[in-house]
There are 2 protein chains.
Amino acid sequence: MTAIKENSTSNANRRASKATCPVSFVMSKIGGHWKPIILFHLLSGPKRYSELKKLIPAVTEKMLIQHLKEMQEDVLVFRKAENVVPPFVTYSLSAEGEQLRPILDEMVKWADARDFKPQ
Amino acid sequence: MTAIKENSTSNANRRASKATCPVSFVMSKIGGHWKPIILFHLLSGPKRYSELKKLIPAVTEKMLIQHLKEMQEDVLVFRKAENVVPPFVTYSLSAEGEQLRPILDEMVKWADARDFKPQ
DNA sequence: ACAAGTACTTACCCCAAAGTATGTATCATG
DNA sequence: CATGATACATACTTTGGGGTAAGTACTTGT
């Protein structure tokens, strides 16, 4: 048993472990171009894949899937697939992801108190 | 007076106005590679330019100045230069920037409650 | 038998953000 | 007169995150 296996944990940690401060750590999880928007829409409840696409017209399918996947790996988002055809897949905040709500809520407050105007 | 001047306001708005949701709006202000770390260190009080450099060894001077400047333009950070030589420049959170504290505090909480380990 | 609907996958390209390297101003001090 | 200290500026190069485009699988409807 001397073999060292390149386990998935070390893989999962790679992105996160580059963080040098707590704020950067959080940013590595919810930052980027699309994660904030996806999370924002998931705040108001579970959404189908196709719903997210409609809610975020500018996102490409590649980007949407990619970031949903990353957030699944980070256990922020939960994916539920009903085994029917055509597919019916729902994404929602996981228990862990729900803990982001205070952060995101404070962000919304901050934006609302400033010159941000929706749409 | 028919000339259209490319004024600085439109420039200042460019980055911010691409936000399509409040969370993205906030991210456009405090996101990126270095702003989170800079802000984190400013949470504990004003810092000299050289202090920030020491606190964030991995940052280059170009990046440090660039992001401090952007945050000045976004009125999140206040720059105070004493007219002496060698220069003595202090950066601190502005009144507006202080309003970010709840967000950043929640981020620190979230990181602490998880597998983030400082250093 | 062919299109339509849903949820992906994959190969390729591009550009803006980040990194590298070097230069500048000012004055005190040895 | 050369060095050190501080706070920048700027030209050039690199890279990876994001965008484009096209394909896959499975079944129902016409």
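Since the structure is predicted, the reported quantities are computational estimates derived from the model, not experimental observations. Side-chain atoms are counted along with the backbone in the values below, which use heavy atoms only and exclude waters and symmetry mates. Proteins get letters first, then strands, A, B, ... in listed order; numbering begins at 1 in each.
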To the nearest angstrom, the CG-P distance between N83(B) and dT6(D) comes to 17 Å

Want to settle it: does F88(B) or H67(A) sit nearer the 5' end of DNA chain D, counting the closest nucleotide to each?
F88(B)

Under the side chain to side chain donor-acceptor pair (under 3.5 Å) test, residues paired with Q72(B) that sit two or more places apart:
none

Whole-Å distance between dA18(C) P and K35(B) NZ?
8 Å

Kindly work out whether a path of hydrophobic side-chain contacts (I/L/V/M/F/W/Y, heavy atoms less than 4.5 Å apart) joins L64(A) to F78(A).
no

With sequence neighbours left out, what residues match R48(B) under salt bridge (Lys or Arg N to Asp or Glu O under 4.0 Å)?
none

Inter- and intrachain pairs under side chain to side chain donor-acceptor pair (under 3.5 Å), touching residues 98-108 of chain A, at least two apart
E98(A)-R101(A), E106(A)-K109(A)

When the distance from NZ of K54(A) to C1' of dG5(C) is rounded to whole Å, what number comes out?
10 Å

Do any of residues 37-49 of chain B sit with a heavy atom less than 4.0 Å from DNA chain D, and if so which?
R48(B), Y49(B)

Could you identify which residues of residues 57-64 of chain A place a heavy atom less than 4.0 Å from some atom of DNA chain C, listed by residue number, or say none?
E61(A), K62(A)

Expressed as a whole number of angstroms, how long is the span from Q72(A):CD to dC8(C):C1'?
12 Å

dA17(C) P sits how many Å from E70(B) CD, rounded?
8 Å

Which pairs, with at least one residue in residues 56-66 of chain A and sequence neighbours excluded, count as a side chain to side chain donor-acceptor pair (under 3.5 Å)?
Y49(A)-E61(A), K53(A)-E61(A)

Which atom of L42(A) lies closest to which atom of Y91(A), heavy atoms considered:
CD2-O, 3.5 Å

Salt bridge (Lys or Arg N to Asp or Glu O under 4.0 Å) contacts touching residues 76-87 of chain A (sequence neighbours left out):
none

Counting only side-chain heavy atoms from C-beta out, which of dG19(D), dC8(C), dA9(D) sits nearest to H33(A)?
dG19(D)

Output the rounded distance in Å from CD1 (I65(B)) to P (dT10(D)).
12 Å

Which part of the nucleic acid does K69(B) contact within heavy-atom distance under 4.0 Å: base, sugar-phosphate only, or nothing?
sugar-phosphate

Q66(B) has an atom CD; how far is it from atom P of dG19(C), in whole Å?
10 Å

Which salt bridge (Lys or Arg N to Asp or Glu O under 4.0 Å) pairs, counting each pair once, include a residue from residues 36-45 of chain B, with sequence neighbours left out?
none

ILVMFWY cluster membership beyond F88(A) - transitive side-chain contacts under 4.5 angstrom:
V84(A)

dG19(D) phosphate, OP1 or OP2, under 4.0 Å from W34(A) side-chain N/O:
yes

